[in-house]
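Letters go in sequence order (proteins before strands), and every chain restarts at 1. Side chains included, hydrogens not; waters and symmetry mates left out as well; all remaining heavy atoms used.
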2 protein chains.
Amino acid sequence: MRNNQDELFKTLADPTRRALFERLCREGELTVGALTVGAGVSQPAVSKHLGVLKQAGLVLDRHQGRQTHYSAQLGALAPLIDWTSEMTSFWERRFDDLDDLLKRMDQ
Amino acid sequence: MRNNQDELFKTLADPTRRALFERLCREGELTVGALTVGAGVSQPAVSKHLGVLKQAGLVLDRHQGRQTHYSAQLGALAPLIDWTSEMTSFWERRFDDLDDLLKRMDQ
DNA sequence: CTCATAGATAACTCACTGGTTATTAATTGA
DNA sequence: TCAATTAATAACCAGTGAGTTATCTATGAG
């Protein structure tokens, strides 16, 4: 599970790769060719990035003829959302603890 | 702003650095020495990671004598939360669009 | 069958980054 | 004043990873 978070953060840390994922979120299913246009890098680079995204579970691929269509898998973001809310919960618990402490001192 | 997301993802992508940040979230303010214990890397490595976290706005430092106390700045996670919810919103809008389309086809 | 196109893979290069040890600066205490 | 401690910085090294070009595989069209 921790490993999963690691893979997610690492995968999304690269701006080119994150941009590809964002386009898939915004525009839905796209082919490699369509993604390559405007990606700012070569087609092999795009393919490699898509491979990494797929490995992390962030995209799905669908082969149709000689084209490959990729689509975003939003569910894969769950560990990231969980992580942030966990960090936030620690923060809030800290306030709660402080609150408890102050109340206890009040008595 | 995009730059900010970039820095956040990059900063949190390293497991050692993320672990330091997590400890600060869980345990509150800690000195460099305390953080070094159990970090699994040398003190200079810890200092460097803290420097990167500070650069990203994820931690604050407070000097007291010859010790430096670091604390987490949860607010700095906002761009990350915003990003995920933005991606999710695209996802939901897609469903809405599909819904609209189906309704329109129904007529 | 042949040629073109789409995408993946191979092989390689180069820059960046995370780690190390050694050193320095600053503060505390004897 | 001198020694010890805390953290930061310097200098260096090695692994990783993102990019490239060239090539291969597979599908589609004529």
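OP1 or OP2 of D:dA8 lies within a sub-4.0 Å distance of a side-chain N or O belonging to B:Tyr70. Taking 4.0 angstrom as the limit, A:Thr16 places a side-chain polar atom (N or O) nearer than this to OP1 or OP2 of D:dG19.
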Which pairs of donor and acceptor atoms, one on a side chain in residues 54-61 of chain A, lie under 3.5 Å apart (sequence neighbours left out)?
unit_1  : atom_1 : unit_2  : atom_2 : d
A:Lys54 : NZ     : A:Asp61 : OD2    : 3.0

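Applying the salt bridge (Lys or Arg N to Asp or Glu O under 4.0 Å) definition to pairs two or more places apart or across chains, none involves residues 68-78 of chain A. Under the salt bridge (Lys or Arg N to Asp or Glu O under 4.0 Å) criterion, the residue pairs touching residues 71-89 of chain A are A:Glu86-B:Arg26, with sequence neighbours excluded. Screening residues 37-52 of chain B for side chain to side chain donor-acceptor pair (under 3.5 Å) gives B:Arg17-B:His49, B:Gln43-B:Ser47 as the qualifying pairs, with residues at least two apart or on separate chains. Contacts classified as salt bridge (Lys or Arg N to Asp or Glu O under 4.0 Å) and involving residues 29-43 of chain B (residues at least two apart or in different chains) are given here: B:Glu29-B:Arg62.
Under the side-chain hydrogen bond (donor to acceptor under 3.5 Å, both in side chains) criterion, A:Thr68 pairs with A:His63, not counting sequence neighbours. Partners of A:Gln67 under the side-chain hydrogen bond (donor to acceptor under 3.5 Å, both in side chains) rule, at least two apart in sequence or in another chain, do not exist in this structure. Applying the ring pair (Phe, Tyr, Trp, His ring centres under 6.0 Å) test to A:Tyr70 and every residue at least two apart in sequence or in another chain returns nothing. By the side-chain contact (heavy atoms from CB on, under 4.5 Å) test, A:Ala78 pairs with no residue at all, sequence neighbours left out.
Using a 4.0 Å cut-off between charged side-chain N and carboxylate O, B:Asp14 and A:Lys10 make no salt bridge.
A 4.5 Å side-chain heavy-atom check between A:Leu80 and A:Leu12 finds at least one atom pair inside the cut-off.
Checking D:dA7, D:dT20, D:dA18 against every side-chain atom of A:Val41, the shortest atom distance belongs to D:dT20.
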Collect all protein-nucleotide pairs involving nucleotides 22-27 of chain D in which both atoms are nitrogen or oxygen and the distance is under 3.5 Å.
unit_1 : atom_1 : unit_2  : atom_2 : d
D:dT27 : O2     : A:Arg66 : NH1    : 3.1

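The outermost nucleotides of DNA chain C lying under 4.0 Å from heavy atoms of chain B, listed 5' to 3', are C:dG18 to C:dT28.
A:Ser42 comes within 4.0 angstrom of a base, heavy atoms only. Contact annotation for B:Thr36: no contact, since no heavy-atom pair falls under 4.0 Å across all strands.
Of all the residues in residues 45-63 of chain A, A:Ala45, A:Lys48, A:His49 reach under 4.0 Å from DNA chain D with at least one non-hydrogen atom.
To the nearest angstrom, C1' of D:dG17 lies 9 Å from CG of A:Asp14.
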